[in-house]
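Because the structure is a prediction, the values reported are computed rather than measured.
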Amino acid sequence: MNGQTASIWPVDIAQRWRWLFAPTSADLGFAVRTSAAAILSLLIAMWMELDSPAWAPLTVWVVATASRGETLSKARWRLVGTGIGCCMGVGLIAAFPQETGLFFIGLALWIGLCCGFATFFGGYRRYGFLVASFTSVIVSTGAIHQPDDVFSVAIARGTYIVLGIVCEAALAAMFLPTVRDQARQRLLMRLDQITAEVSRRVNDIHAGAGDIDAEQQLLASIIAANARIEYDVLEMGAGARRQGDHARGALACLLGALARARGGAPHEDIGKGLAEAHAHIQTISSPRRGDRFTFRTRSPRDKVEALYNALRAITGIIGAWLLWEITAWPSGTTFVAYVALVYGLLDTREIPALASSGFFRGALWCAAVAAFYVFRVVPAVTSPECLACLLAVPAIAGGLAARNPALVNHAFSFNMFLPVLIGPSNLMRYDEVSFLNTTGAFLGAVLFARLTFGVVLPFRADDHLMRTARWVDRRLGTVARDPGMSVHRWLSENADSMVRAARMCQRVPPDVMRQAMARHLQAMVLGMWVIELRDIANDPHTPAPTRKRLRVFLRTWTRAPLVAVQNAAMIAHNLQRHTQANPAAITALNGVARSTFFAPQDPLAATESEE
C-alpha cells in the first residue's frame, strides 16, 4: 500500500503543477502577452515620471482577456468608466474637502451603486462600472490629504488607467495578426459542434433516453456560445454584425428544437428548427449582399443579487471607515481605499463570497513575493529595465495561474496588486516601513472584505435556488398577457437562468439540484407552448372559432394555470374536430396537457391555489 501511495504522489503533484511547468501554447501566449503589456505600461509610466506608475500594470491585468474581441469590448467600456470615475472622484473631494465622514459615506454609496449596476447588467457592461468604481477610489483617496491638488491627481491616475488599456490592446493586436479569419472559423466550428450535439440529444429524447445533466450541460454550451458572439463580431471587424445576428438566430433555433423535443413535439416540427439553424450557419459561412436580418437577445436581470451586492459594498466601506475612526490607524486611509477597491473587484465575480477565499490566498502570495522583491531585489537593481526583466518571472507565473480555473481568483489579486505593493518608481523604494504599512493595510482590507461577505447578507445556494424557482413561477403566470415575450426570448432567459443557478449552487445536494433543474426545464417548455398559443390567438389569419377557444384558455391560464393545463387536452380534442384546425395550436395544447410542472409530488412545485 505504501509503495502504491508513493507511486501515486509524484503523478498527483505533476498534475497539480502542470499549469506552471507544462502549460498549453494558448495559456503561455496569454501569460507572456499580458506580462509584456503590464511591464511596458510600467516602463512608460516611469519614463513619463508619473508619481505612482504601479497603477498602470494593475489596469492591464484588470483589462486582460484571452480573446481579442473581449479585450476590445471591455476596453471601450473601461475608457467610459475611467472618465466617469475621474469626474466622480473630483466631485467627492470637491463636495466634502474637510468632512471625512461625509466623504466616505458618499464614496460608499457611489461604490455600492456601481457594484449593484455591475451585477444587474452583467456581461461586458459590468467592467465599465468596475472601472468607474475603482477609478473614483484611486482619485479621491489619493487627494484626500491634498484636496487642492485633486484635479492633478485625477489627470495622473486617469493617465495610468488609459495607458494600461492602450498597452494591453496594442500587445493583443500584435500577437493576434490573423484574428479576423480565426474568429469566423471559431464561430462556425462552435455552431457546428452545438448543432451536432443538439441533434444527438433530440434523438435521445425521442428514444426515451432523456438526461437532465446532459441537457443542462448542453444549455450551458448554448449560453456560453451566445455570450461569445459579441466578441467574435468585434474580432471579425466592420460588416460582421449581421453574421452575429445569424449566429444568435441559429442558437435560438437550436434551443427551440431542444425544448420542442422535451415537450413531445412531432419530429417534423423539430426538424424545421434544426433546418433553420443550418440555414443561419450557411449564411454566416457565405454572407449574402444586402442582408437585413436582425436578432437580439437579453439576459435576465437579477435585481435581488444586485441589491445585495450594493448593500454589502456600502456596509463594508462604512464599516472600514468606522474601524479607522475608532482605532486612529495611521494607514487607515490606505486600508479604506483598498477595501473599496476589493469590493469593486470582487463584485464582478459571480459569487463574491466564494471568490473572496481564493482572492485572500492570492493576496498572501502577493505579499510574500512583494516582500522578497522589496527586501532583496529592488535594492540591488540599478535601472527600470532590469527591474522590468525581473518582474517578468512572477508576472508570467501569475498569467498562467489566471488561465487555471482552480486558481483564477488567486491570480486575480496576485497579478493586480503585486506591482502596487512593490511600488516601483524612478527613485526606487528603500523604505521598508512604508512597505510593511501598505502591505498590512492591503491584507487587512482583503481579510475584512472576506469576513463581511460572510456576515452581511451571506450567499446561500438553497436560497438562490428557491428564489429562481419563484422567479420562474411568477414569469410563467404572465407570459399569456405579455406581448413583448417571444418564444426565443423566453427560452434564452430561462436557459440563462438555469445555467447560472447550476454554476452558483454547486454545493446543493445533487438530487435536489437535479430535481430543481428538471422542474425549470418543464417550466421552460410549458411557457413556450403558452406563448405559441398566445401568438396563434392574436393572429388575424387564425379561424375565429379557434381564436375564441384559445382566448378562453389563455384567460384561464392567467387566473388558474393548473385548471388550464387540465382543460388543454379537451380543447385540443375539440379543435381536431374542425377541418380548419390549426396544427400548431393542437401541438401546443397537447404539449401543455402532457406537462407535469404542477404535479403534487414535486416538492418544489407551488400551485396558484397554494400561493
Stepwise side chain to side chain donor-acceptor pair (under 3.5 Å) check, Tyr343 with Thr452
CA-CA 10 Å; Tyr343 267 103; Thr452 53; 2.2 Å; yes

Run the side chain to side chain contact (heavy atoms under 4.5 Å, CB included) check on Leu476 and Trp490 step by step: do they pass?
CA-CA 10 Å; Leu476 192 59; Trp490 169 260; 3.8 Å; yes

Given the rule in the side chain to side chain contact (heavy atoms under 4.5 Å, CB included) test, do Phe129 and Cys115 qualify, once you have shown the distances and angles that lead to the verdict?
CA-CA 7 Å; Phe129 291 105; Cys115 292; over 6 Å; no

Show your reasoning for whether side chain to side chain contact (heavy atoms under 4.5 Å, CB included) applies to Leu447 and Leu443.
CA-CA 6 Å; Leu447 180 60; Leu443 293 177; over 6 Å; no

Applying side chain to side chain contact (heavy atoms under 4.5 Å, CB included) to Asn226 and Ile222, what does each step give before you reach the verdict?
CA-CA 6 Å; Asn226 190 69; Ile222 294 175; 5.5 Å; no

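Rounded to the nearest 0.5 angstrom, Asn309 CG and Thr119 OG1 are separated by 3.5 Å. Remark: Arg190 CZ to Ser221 OG distance equals 11.0 Å, nearest 0.5 Å. Considering OG1 of Thr100 and CD of Glu325, their distance stands at 6.5 Å, rounded to 0.5 Å. Within the model, atoms NZ of Lys303 and OH of Tyr308 stand 14.5 Å from one another, a figure rounded to the nearest 0.5 Å. Here the straight-line distance linking atom CG of Leu219 with atom CE of Met524 works out to 5.5 Å at 0.5 Å rounding. Atom CZ of Arg503 is separated from atom CD1 of Ile223 by 9.0 Å, given to the nearest 0.5 angstrom.
With Ser486 contributing its side chain and Arg489 its backbone, the two residues share a donor-acceptor pair below 3.5 Å. Side-chain atoms of Thr439 do not come within 3.5 Å of backbone N or O of Leu436 as any donor-acceptor pair. In terms of modelled atom types and a separation under 3.5 Å, the side chain of Thr34 and the main chain of Phe30 share a donor-acceptor contact. Counting only distance, with no hydrogens or angles, the side chain of Arg248 and the backbone of Ile229 share no donor-acceptor pair below 3.5 Å. Within the 3.5 Å criterion, the main-chain N or O of Ala395 finds a donor-acceptor partner in the side chain of Ser35. Looking at Arg312, its side chain never comes within 3.5 Å of a backbone N or O of Phe453 through a donor-acceptor pair. Side-chain atoms of Asn415 come within 3.5 Å of backbone atoms of Ala411 as a donor-acceptor pair (strictly under, hydrogens ignored).
The residues Arg514 and Asp511 are annotated as salt-bridged, a charged nitrogen and a carboxylate oxygen being separated by less than 4.0 angstrom.
Contact annotation: the side chain of Phe103 approaches that of Leu92 to within less than 4.5 Å [non-hydrogen atoms, C-beta and beyond]. Between Val472 and Asn494, the closest side-chain pair of non-hydrogen atoms falls below 4.5 Å. The closest side-chain heavy-atom distance from Leu42 to Pro419 is not below 4.5 Å. Taking the side chain as every heavy atom from C-beta outward, Phe459 and Met504 approach each other to under 4.5 Å.
For Phe435 and Phe375, the distance between ring centers is under 6.0 angstrom. Aromatic rings from Phe448 and Phe335 are positioned such that their centres are separated by under 6.0 Å. Less than 6.0 angstrom separates the ring centroid of Phe104 from the ring centroid of Trp324.
When all heavy atoms of Ala502 and Gln216 are compared, the closest pair comes out as CB-NE2, 3.1 Å.
Considering only residues two or more places apart in sequence or on other chains, Pro23 meets the side-chain contact (heavy atoms from CB on, under 4.5 Å) condition with Asp27, Leu28, Leu400.
Classified by interplanar angle (parallel below 30°, tilted 30° to 60°, perpendicular above 60°), the ring pair Phe412/Phe359 is perpendicular. Between Phe442 and Phe417, the ring-plane angle classifies as tilted under the 30° and 60° cut-offs.
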Side-chain donor-acceptor pairs under 3.5 Å in residues 360-368, sequence neighbours left out?
residue : atom : partner : partner atom : Å
Arg361  : NH1  : Ser357  : OG           : 2.8

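The salt bridge (Lys or Arg N to Asp or Glu O under 4.0 Å) contacts involving residues 439-465 comprise Arg460-Asp462, Asp463-Arg467, where partners must be two or more places apart or lie in separate chains.
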